[in-house]
Each structure stands twice: as C-alpha cells, then as structure tokens.
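Atoms within each ligand, like the ligands themselves, are counted from 1 in listed order.
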Amino acid sequence: MRKLYVIGIGAGDPDQVTVQAVKAMRQVETFFVIGKGEAKRELVDVRTAILAEHMDRPYRIVPIADPPRDRTPADYLDVVDDWHDRRSAVLESAFAAADGVGGILVWGDPALYDSTLRMIERVLARGVVSFDYEVVPGITSAQALAARHRIVLHGIGEPVRITTGRRLREEGLGAENALVMLDGDCSFTAIPDADVHIWWGAYLGMPDETLIEGPLAEVGEQIVRRRAELRDRKGWIMDIYLLRRGR
Ligand SMILES: C[S@@+](CC[C@H](N)C(=O)[O-])C[C@H]1O[C@@H](n2cnc3c(N)ncnc32)[C@H](O)[C@@H]1O
C-alpha cells in the first residue's frame, strides 16, 4: 500500500458523507473495515452501504477483527495502550498485504474520540510498512446533535467542554457547557440537576433516532428509562448530550 485515506463519514446519516469524502473513496482500491462484534454489525453495515452508493469502480473490503479489550479493572490508560498496540499489529499485517491505495472509513470525524490516527502513527513508528496518509474530515456526532436540536453548543462567547461520561462523573459539570460522549452510565444522573438543561440524542441520523430535551430535573429519569428500553431492543446504543447551566 502506497497511500492511505482516513475518511470521516458522518455520524450515521448517509447524507452526511461529504463530496470530499466521496472523491477520496473513489481513489481507494482496498477498504479496511474494523469490526466490533455482532452488536456493532449495524455500524459496519452503514459503512458498506455508503460504499455501495458512492463507489464507481471495483474495490476490495478487508475486514479487520478487532482484538478484544481487557475489561478487568486496571489502569485505564495502560489497558487502552495495550489494546492499541494489538490493534496496530493487526492493521500492520493488513496494510503489508495490500497494494495501491487503501482507505479506512471513520465514524463521525477521525479527530474526535477515535483512535484510528493514533494507530496509524503506531504502525508507521514500528517501521515495518511505510506509506503516505491523508485525513478527510467528517460531520461529528456533536454537530449532528446540535443540528437536530437546532442549538448553538454554548452561550455567546462561552467555551464548550467536550468530555466523556467517566470524566463528567469525576470532575462534575463546573460552570461550562459540557458535551458528553462515550457515556454508558447516564452520568448526568450524578450531576446536581438544579438549573441544568440537557439536550440528548441517540442513534442520530439513523432510523431509530431519538431526541429528548428539557430541564435535567424534569427529563433526566425519562432519558434513563428511554435509553434502557432502546438499548434492550437493539442490543446497543450510541448517545450524546449537551449539559448547560441555566438556559
Ligand atoms: C468512539 S466515539 C466516536 C465519535 C465520532 N468520531 C464522532 O466524530 O462523532 C463514539 C461516541 O460518539 C457518539 N456518537 C457517535 N455517533 C452517534 C450517533 N449517531 N448518535 C449519538 N451519538 C453518537 C456517542 O457518544 C458514542 O459513544
């Protein structure tokens, strides 16, 4: 492989694929698709549907089995580091076996809570394979959430913190607007809810898209219940929310 495109494909709505992404996809001969087990099957299907719609010439899909992540309690960063190492080794062999131009389709944008770029740097640092690579930005789930709720992510001139559920629990909300991703535990329930507003969205851009918005004290429990129902029904869920003091 001489060149690799890392292409953001938007957060689930196939219409969020940009013209730039389509142009890059059409250069690609081999797509590497990183699988995440049956629960995430639908996410892989979104990628293959995007390719079927936009590609104008033959291409190969090489599935990459994602090595399991060690879930036993240990230092979080060490666990992630070890997992990234194992993922890089798997990617390295796939890259070594491919000719020409490769591509990886990344959910949302590669710059936001995604390890693809770090893994590619690791593969290159190992020195076994070498190639040029280019990043094509995509619409993030943060943008999809804001658009669906028709909101600005912050008050005039204010900052917005993009964070994870785990860190929201550890650090609290503070005075800022917080956009929370990767939260399997409804961490907003740990935030004193007086005067906090929430804009929540699940499966944004997908057929099961669900939106709830309101004062946290009024809609917090409803979100917890709805999220559990949706997850039980589909077997997986992806959700994101904005928290703001006042409104
Ligand atoms: C591993 S991160 C990837 C983020 C992605 N790179 C992006 O730009 O949005 C996965 C998290 O993104 C959020 N997410 C991604 N797609 C989503 C969607 N369609 N609906 C709701 N949340 C989504 C969820 O918070 C999920 O836990």
Side-chain angles (χ1 to χ4, degrees), residues 5-18 20-21 32-37 39-47 49-50 64 66-69 71 76-77 79-80 83-84 87 103-120 135-151 153 160-169 177-189 198-213 223-224 226-231 233-243:
Y5 284 99
V6 181
I7 306 169
I9 53 164
D13 182 341
D15 286 351
Q16 283 171 2
V17 177
T18 66
Q20 190 184 19
F32 305 97
V33 178
I34 303 175
K36 289 201 170 160
K40 296 280 171 72
R41 178 80 241 154
E42 221 173 310
L43 304 188
V44 173
D45 289 348
V46 170
R47 291 178 171 87
I50 286 171
I64 310 273
D66 209 12
R69 187 153 149 183
R71 299 272 175 194
Y76 177 75
L77 291 179
V79 169
V80 171
W83 182 53
H84 285 180
R87 283 179 114 190
I104 298 182
L105 304 185
V106 172
W107 199 259
D109 183 87
L112 193 63
Y113 291 113
D114 186 276
S115 53
T116 308
L117 296 179
R118 288 195 192 97
M119 287 191 304
I120 289 167
V135 177
V136 177
I139 304 288
T140 65
S141 50
Q143 292 160 289
L145 177 81
R148 296 301 288 126
H149 281 291
R150 302 183 299 183
I151 51 166
L153 291 174
V160 58
R161 172 167 60 130
I162 300 181
T163 190
T164 63
R166 189 172 63 94
R167 292 191 80 115
L168 181 74
R169 264 177 199 276
N177 306 280
L179 184 85
V180 185
M181 307 175 66
L182 291 164
D183 184 5
D185 302 311
C186 293
S187 300
F188 54 81
T189 55
I198 184 167
W199 291 264
W200 178 82
Y203 314 109
L204 291 162
M206 305 176 86
D208 295 296
E209 179 178 276
T210 309
L211 303 171
I212 298 179
E213 172 257 317
I223 295 173
V224 173
R226 191 85 183 100
R227 187 183 191 282
E229 281 163 20
L230 290 166
R231 199 196 44 205
R233 179 149 60 81
K234 284 179 74 72
W236 61 276
I237 190 161
M238 269 197 316
D239 62 334
I240 179 169
Y241 52 90
L242 178 74
L243 297 174

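- Between Val6 and Leu117, some side-chain heavy-atom pair lies under the 4.5 Å cut-off.
- Residue-to-ligand polar distances keep Asp114 apart from ligand 1: every N/O pair is separated by 3.5 Å or more.
- Under a 4.0 Å criterion applied to the non-hydrogen atoms of Tyr203, ligand 1 contributes the atoms 19 (N), 20 (N), 21 (C).
- Tyr113 places a side-chain heavy atom less than 4.5 Å from the side chain of Leu182.
- You'll find the side chain of Gln143 stays beyond 4.5 Å of the side chain of Asp109, heavy atoms only.
- With a 4.0 Å cut-off on non-hydrogen atoms, Val180 does not touch ligand 1 at all.
- Atoms of ligand 1 lying under 4.0 Å from at least one heavy atom of Ala11, given by number and element, are 16 (N), 18 (C), 19 (N).
- The main-chain N or O of Leu105 is found under 3.5 Å from a side-chain atom of Arg47 such that the two form a donor-acceptor pair.
- The shortest distance between side-chain heavy atoms of Leu179 and Leu145 falls below 4.5 Å.
- Residue Tyr113 places no N or O, backbone or side chain, under 3.5 Å from any N or O of ligand 1.
- Close approach of ligand 1 to Gly108 (heavy-atom distance below 4.0 Å) involves ligand atoms 7 (C), 8 (O).
- Between Met206 and ligand 1, no pair of N/O atoms sits closer than 3.5 Å.
- Between Asp109 and ligand 1, a contact under 3.5 Å exists for at least one N or O pair.
- For ligand 1, the atoms lying closer than 4.0 Å to a non-hydrogen atom of Met181 are 4 (C), 9 (O), 12 (O), 13 (C), 25 (O).
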Worked check of side chain to side chain contact (heavy atoms under 4.5 Å, CB included) between Thr210 and Asp239: CA-CA 9 Å; Thr210 309; Asp239 62 334; over 6 Å; no
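- Residues Tyr203 and Trp236 bring their aromatic ring centres within 6.0 Å.
- An N or O contact shorter than 3.5 Å is missing between Val106 and ligand 1 by distance.
- By the 3.5 Å distance cut-off applied to N or O atoms, Asp239 is counted among the residues near ligand 1.
- Taking any N or O of Leu112, backbone or side chain, at least one lies under 3.5 Å from an N or O belonging to ligand 1.
- The contact set between ligand 1 and Gly201, taken as ligand atoms under 4.0 Å from a residue heavy atom, comprises 21 (C).
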